[in-house]
Protein chains: 2
Amino acid sequence: MPKYEEIANILRDRIKRGVYPSDSLLPNQTDLVHEFSASRMTIKKAITILSMEGLVYSRRGSGTKVLKHTFWENETSPFNVYHGLSKDMKETNRALTSEVIHFSVMFPSKNIQEKLSIEEQHPVYKIIRLRILEDKPYVLEHTYMPTDLVPGLTDEILKHSIYDYLGELGVQFAGAFRNIRAAKSDQYDQKYLNCATDDPILEVEQVVYLENGRPIEYSRSRNRYDQRGYSLLDVKA
Amino acid sequence: MPKYEEIANILRDRIKRGVYPSDSLLPNQTDLVHEFSASRMTIKKAITILSMEGLVYSRRGSGTKVLKHTFWENETSPFNVYHGLSKDMKETNRALTSEVIHFSVMFPSKNIQEKLSIEEQHPVYKIIRLRILEDKPYVLEHTYMPTDLVPGLTDEILKHSIYDYLGELGVQFAGAFRNIRAAKSDQYDQKYLNCATDDPILEVEQVVYLENGRPIEYSRSRNRYDQRGYSLLDVKA
DNA sequence: TAGTGGTCTAGACCACTGG
DNA sequence: CAGTGGTCTAGACCACTAG
């Protein structure tokens, strides 16, 4: 682990423990340089991390202030790259199971071709899974993945975690692009998510990219409106 | 403007013009050091910006690759800090008007007190505005702001842009925290957004923070589900 | 093994804040 | 004015990738 991350971890810990209380100032960077035997560039990098997390705010001339973070301190997700629902839930110790509703191989439609940047002859998996959280229907996921990027996908894997399997394959992610919107529930949603005809759906459309820039997943997640939201933190650059 | 931003701008421009095509490699950092007469740390910082924007991806040992960015290249919003709807729309040359439905001063409820980190005796503005985009109802905004942070707010200002006014006051923002969810439309929504009883709503709940860490705005934006979505880009750190 | 990007340093100068 | 954080440099070492 890089030194700047270690320092960021220590400082974050002090903030959470109240060693540096809300509205107080962090020690100035030169002091931190001495404490951690690091260069100022390194200290600065550590503080930048905390600043991206919304924990502190630095201003030229006046110092680095610890912000009140009550609003998001008990958020589960650290707003970072997607590792699949299974991992999310493991971290919070909530039982997640999956029911495979559909699993096939097909040639991609125009839309899927565009989203996954592939040609018409390039086969893809089509997967529909119902994710069940603590015995209640949670999300209905429609997923498309190029077959060559995920060799050996089986029904058994789908019942557990695709992302665990991708981890075993040594796949590395670069990032994801998402669109979030509200939608009316369709018959599929009503049947599997067990929702009323006038219940809305929170749809998250997502393309996940690999390190080499190739899209590995295009999916639409249909979430029960009363079970799932999306949180995000925007920090001035 | 810092040197690393200037360099990032030049590189971004070259990528968008196709001087560095998709899937090709950027010149290595030492070459860029010579071209821009900068240190490697500065070049690295410039590349980090592009990487945060999802334009390139760097890997130790193999170089920095230009990614395909067709999926989000025509996105309007650069996913950064909120500057108000008015500014968003000015940039895309779309006519936005506002109808002030409610404007009053009140003492905050428990919920508002928490969200704005203020006491019960601390008065706030309560504002309800209907934003109309190109003659069609777009968003119904319920907004609360501490009165002392926004002195001299008038009906006239609300008809145009709060954020323009805050700019005049010299207010500086630090960031925002948002929750996004789907919801059923209520009578208010139906009346002002002109939507059907079974039309869903995309609700964005938001707290905007100042540089000094004080929340300046708590709002709930009720968006017509067929007119507005939310896009975001997640990049591996 | 050669070439790449990631990290780190020590020191410098500057812009800004606040008394 | 003194003290703060923001930027920048030149050079160094290391981790990783690929031929």
Side-chain angles (χ1 to χ4, degrees), chain A residues 1-11 15 20 23-52 55-67 170-175 210-214 235-237, chain B residues 1-11 15 20 23-52 55-67 170-175 210-214 235-237:
Chain A
M1 176 180 300
K3 197 168 182 174
Y4 62 85
E5 269 185 43
E6 282 181 12
I7 297 175
N9 289 342
I10 295 173
L11 295 178
I15 291 171
Y20 304 141
D23 272 327
S24 71
L25 291 180
L26 239 55
N28 69 47
Q29 298 185 356
T30 2
D31 286 353
L32 293 173
V33 159
H34 294 129
E35 171 177 358
F36 292 103
S37 308
S39 76
R40 234 190 96 202
M41 289 288 299
T42 304
I43 297 293
K44 173 63 172 36
K45 225 165 167 177
I47 292 178
T48 300
I49 291 178
L50 303 181
S51 153
M52 291 303 217
L55 292 175
V56 302
Y57 189 81
S58 300
R59 268 170 90 208
R60 236 180 194 148
S62 30
T64 298
K65 196 202 264 193
V66 180
L67 299 177
V171 169
Q172 299 284 347
F173 303 97
L210 297 183
E211 285 198 327
N212 60 17
R214 273 196 64 184
V235 174
K236 196 173 156 186
Chain B
M1 176 180 301
K3 197 167 181 173
Y4 62 85
E5 270 185 43
E6 283 181 12
I7 296 175
N9 290 342
I10 295 174
L11 295 178
I15 291 172
Y20 304 141
D23 272 326
S24 70
L25 291 179
L26 240 53
N28 70 46
Q29 297 186 357
T30 0
D31 286 353
L32 293 173
V33 160
H34 294 128
E35 171 177 357
F36 292 104
S37 307
S39 77
R40 232 190 97 205
M41 288 291 298
T42 303
I43 296 293
K44 172 64 171 38
K45 225 165 167 177
I47 291 179
T48 299
I49 291 178
L50 303 182
S51 152
M52 292 302 214
L55 292 175
V56 302
Y57 189 81
S58 300
R59 269 169 88 208
R60 233 178 198 154
S62 28
T64 298
K65 194 202 265 195
V66 179
L67 300 177
V171 170
Q172 299 283 348
F173 303 97
L210 297 183
E211 285 199 326
N212 59 18
R214 273 196 65 185
V235 174
K236 197 174 157 187

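Chain letters run A, B, ... following the sequence lines, proteins first and then strands; every chain starts at 1.
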B:Met52 side chain reached by A:Met52 side chain, heavy atoms, under 4.5 Å: yes
B:Thr48 side chain reached by B:Tyr4 side chain, heavy atoms, under 4.5 Å: no
With side chains defined as the heavy atoms from C-beta onward, is the minimum distance between B:Leu32 and B:Ile7 less than 4.5 Å? no
Minimum heavy-atom separation for A:Lys3 to A:Ser37, with atom names? NZ-O, 3.0 Å
Is there a side-chain contact between B:Thr64 and B:Tyr57 (heavy atoms, below 4.5 Å)? no
With a cut-off of less than 4.0 Å, is there a side-chain N or O of A:Tyr4 near OP1 or OP2 of C:dC8? no
Side-chain N or O of B:Lys3 versus OP1/OP2 of D:dG6: is the shortest distance under 4.0 Å? no
Would you give the length of the straight line joining atom NZ of A:Lys65 to atom CG of A:Asp23, rounded to the nearest 0.5 angstrom? 5.0 Å
Going by number, which of residues 43-51 of chain B have a non-hydrogen atom under 4.0 Å from DNA chain C? B:Lys44
How close do A:Ser58 and A:Ile47 get, counting heavy atoms only, and between which atoms? OG-CG2, 3.7 Å
For D:dG19, the Watson-Crick or wobble counterpart (both distances under 3.5 Å): none
Close side-chain approach of B:Val66 to B:Leu26, heavy-atom, < 4.5 Å: yes
Residues within residues 25-39 of chain A bordering DNA chain D, heavy-atom distance below 4.0 Å: A:Asn28, A:Gln29
Length of the OH-P vector between B:Tyr57 and C:dT4, whole Å: 19 Å
Please check the phosphate of D:dT7 (OP1 and OP2 only) for any side-chain N or O of B:Thr42 closer than 4.0 Å. no
Between B:Ile10 and B:Phe36, is there a side-chain heavy-atom distance shorter than 4.5 Å? yes
For nucleotides 13-19 of chain D, give me every protein contact, N/O to N/O, under 3.5 Å, one pair per line with atom names.
none

Could you report the tightest heavy-atom contact between B:Ala38 and B:Ile43, atom names first, then the distance? CB-CD1, 4.3 Å
Distance check, rounded to the nearest 0.5 Å: A:Gln29 atom CD versus A:Ser39 atom OG? 10.5 Å
A:Met41 side chain: which of D:dC8, C:dG6, C:dC8 is closest? D:dC8
